[in-house]
Number of protein chains: 2
Amino acid sequence: MPEAEKRFTKYLCEHQYKLTPQRKVILQAAREIKGHFNADKLYDESSTLDKSVSRASVYRTIPLLVEAGLIMETMRSQSKTSYENVFKGLYHDHLICATCGKIIEFRNDELMRLQNKICKPFNFKPTEHMTAIKGYCKKCQSKKN
Amino acid sequence: MPEAEKRFTKYLCEHQYKLTPQRKVILQAAREIKGHFNADKLYDESSTLDKSVSRASVYRTIPLLVEAGLIMETMRSQSKTSYENVFKGLYHDHLICATCGKIIEFRNDELMRLQNKICKPFNFKPTEHMTAIKGYCKKCQSKKN
DNA sequence: ATATAATTGAGATTGAGTCGCAATTACATT
DNA sequence: AATGTAATTGCGACTCAATCTCAATTATAT
Ligand SMILES: [Mn+2]
Ligand SMILES: [Mn+2]
Ligand SMILES: [Zn+2]
Ligand SMILES: [Zn+2]
């Protein structure tokens, strides 16, 4: 059993949620998608694997996958919420160019450590960090002249 | 004329937009709100000042205020977009409780410095940072048991 | 096998945000 | 001051991502 499925199973069990075929399919679909995806995309991919999976189940499963630490909400664009897979040790954040929309991914361990540290004095238990830095990419800076 | 209104006037003029009574009222309402607000809240405050201002005009004016640098989008919580006034030198970020929606503001200079540092190797010129940490506030953690 | 609480798909509903339109208005030009 | 015109307005209808309802089904413990 792949690591992700193991983790999901554990999460479901710990919360008295059931491991259903639909949830397995949706997890698998999520894992197979490279890069960012939204609910619709996840529904499409899930349908390809098993066309009996409903849109409602996809919407219902997304928060479980987030809670289990398998996917994360990354951003909202075009009024849709975007997610992406969390692969072990592959947390990252985003630089977003305000002009061309280019997205640069980066990973910075110090940033993650700092974010956890910030929560402590508030007794706040973090589940997701989202850092988005907006600005201008190299190309768009030179175009500006 | 207050600084904010001057800036808004300049922005509108530069883009061939008109300075209408409605836009003045909405700007004033935005300025008078302390802390975070969403479109509905801004509509309520605007209505108090001038009850002829419509919800549509509020929605249409928000992007202008953002573009003019007078307010900024801070986060999305409980499926509503939140804004707050941009006052010079009051940079901060947010902890957001996934259960009750509570928002804790914090300011961390090290985080700011780190974010700037991160951009350099990408030749990325940052204009805004947005860090949102989602999780559970103290109260909601204990309720969970 | 049985009990039971969780989950499902289908379709209805919600609600933040957008849009179309005819009437109005800001503002530049005479 | 009067005119022209493109921008803006309020209203209400619309969109559509996300949530909810509910009867039927199903995963799991006993
Ligand atoms: Mn990414
Ligand atoms: Mn704030
Ligand atoms: Zn760019
Ligand atoms: Zn809370």
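Being a predicted model, the structure only gives us computed values, none of them experimental. Quick note on labels: first sequence line is chain A, next is B, and so on, each numbered from 1.
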Exercise for review: May I have the distance from A:His15 (atom NE2) to D:dA27 (atom C1'), rounded to whole angstrom?
Suggested key: 18 Å

Point to revise | A:Gln22: side chain to side chain contact (heavy atoms under 4.5 Å, CB included) partners, not counting sequence neighbours | key: A:Thr20, A:Val53

Review point. So, the side chain of B:Arg7 versus the backbone of B:Leu70: is there a donor-acceptor pair under 3.5 Å, distance only?
Key: no

Point to revise | End axis versus end axis in the helix from C:dA1-D:dT30 to C:dT30-D:dA1, the angle rounded to 10°, five pairs used at each terminus | key: 40°

Check your understanding: Who pairs with A:Ser52 by side chain to side chain contact (heavy atoms under 4.5 Å, CB included), at least two apart in sequence or on another chain?
Key -> A:Asp50

**Study point:** Worked check of side-chain contact (heavy atoms from CB on, under 4.5 Å) between A:Lys24 and A:Leu19
**Key:** CA-CA 7 Å; A:Lys24 273 192 208 176; A:Leu19 179 62; 3.7 Å; yes

**Study point:** Check: B:His15/B:Glu67 side-chain N/O donor and acceptor closer than 3.5 Å
**Key:** no

Exercise for review: Encode nucleotides 15-25 of chain D as B, S and - characters from 5' to 3', where the letter depends on protein heavy atoms closer than 4.0 Å: B to the base, S only to sugar-phosphate, - to neither.
Suggested key: --SBBBB----

Practice item. Name the nucleic acid region contacted by B:Pro63, choosing base, sugar-phosphate or nothing; use a 4.0 angstrom heavy-atom cut-off, strictly under. Key: nothing

Point to revise | Short side-chain N/O contact from B:Thr20 to OP1 or OP2 of D:dT9, under 4.0 Å | key: yes

**Study point:** Any B:Gln22 side-chain nitrogen or oxygen under 4.0 Å from OP1 or OP2 of D:dT8
**Key:** no

For residues 72-81 of chain A, tabulate all N or O donor-acceptor pairs below 3.5 Å that involve a side-chain atom, not counting sequence neighbours.
residue: A:Glu73; atom: OE2; partner: B:Lys134; partner atom: NZ; Å: 3.4
residue: A:Thr74; atom: OG1; partner: A:Ser82; partner atom: O; Å: 3.2

Revision key, fill the gap. Separation of C:dT25 atom P from B:Asp50 atom CG, nearest Å, is 12 Å

Review point. According to a 4.5 Å side-chain heavy-atom criterion applied to Ile, Leu, Val, Met, Phe, Trp and Tyr, with indirect links allowed, do A:Ile118 and B:Leu114 form part of one hydrophobic cluster?
Key: yes

Review point. Hey, mind stepping through A:Tyr59 and A:Tyr43 against side-chain contact (heavy atoms from CB on, under 4.5 Å) and telling me if it holds?
Key: CA-CA 9 Å; A:Tyr59 271 106; A:Tyr43 171 62; over 6 Å; no

Exercise for review: With rounding to the nearest 0.5 Å, note down the distance linking CZ in B:Phe106 to SG in A:Cys119.
Suggested key: 7.0 Å

Check your understanding: A:Leu64 has an atom CG; how far is it from atom C1' of C:dA6, in whole Å?
Key -> 12 Å

Review point. Within this structure, what is the NZ-to-P distance between B:Lys24 and D:dT9, rounded to whole angstrom?
Key: 13 Å

All N/O pairs under 3.5 Å across the protein-nucleotides 3-7 of chain D interface:
residue: D:dA6; atom: N3; partner: B:Lys18; partner atom: NZ; Å: 3.3

Point to revise | A:Gln115 vs A:Thr131, side chain to side chain donor-acceptor pair (under 3.5 Å): CA-CA, chis, key distance, verdict | key: CA-CA 10 Å; A:Gln115 286 173 334; A:Thr131 289; 2.7 Å; yes

Exercise for review: Using atom CD1 of A:Ile26 as one end and atom C1' of C:dT8 as the other, report the distance to the nearest whole Å.
Suggested key: 10 Å

Practice item. Take the angle between the ring planes of B:His36 and B:His92 and call it parallel below 30°, perpendicular above 60°, tilted in between. Key: parallel

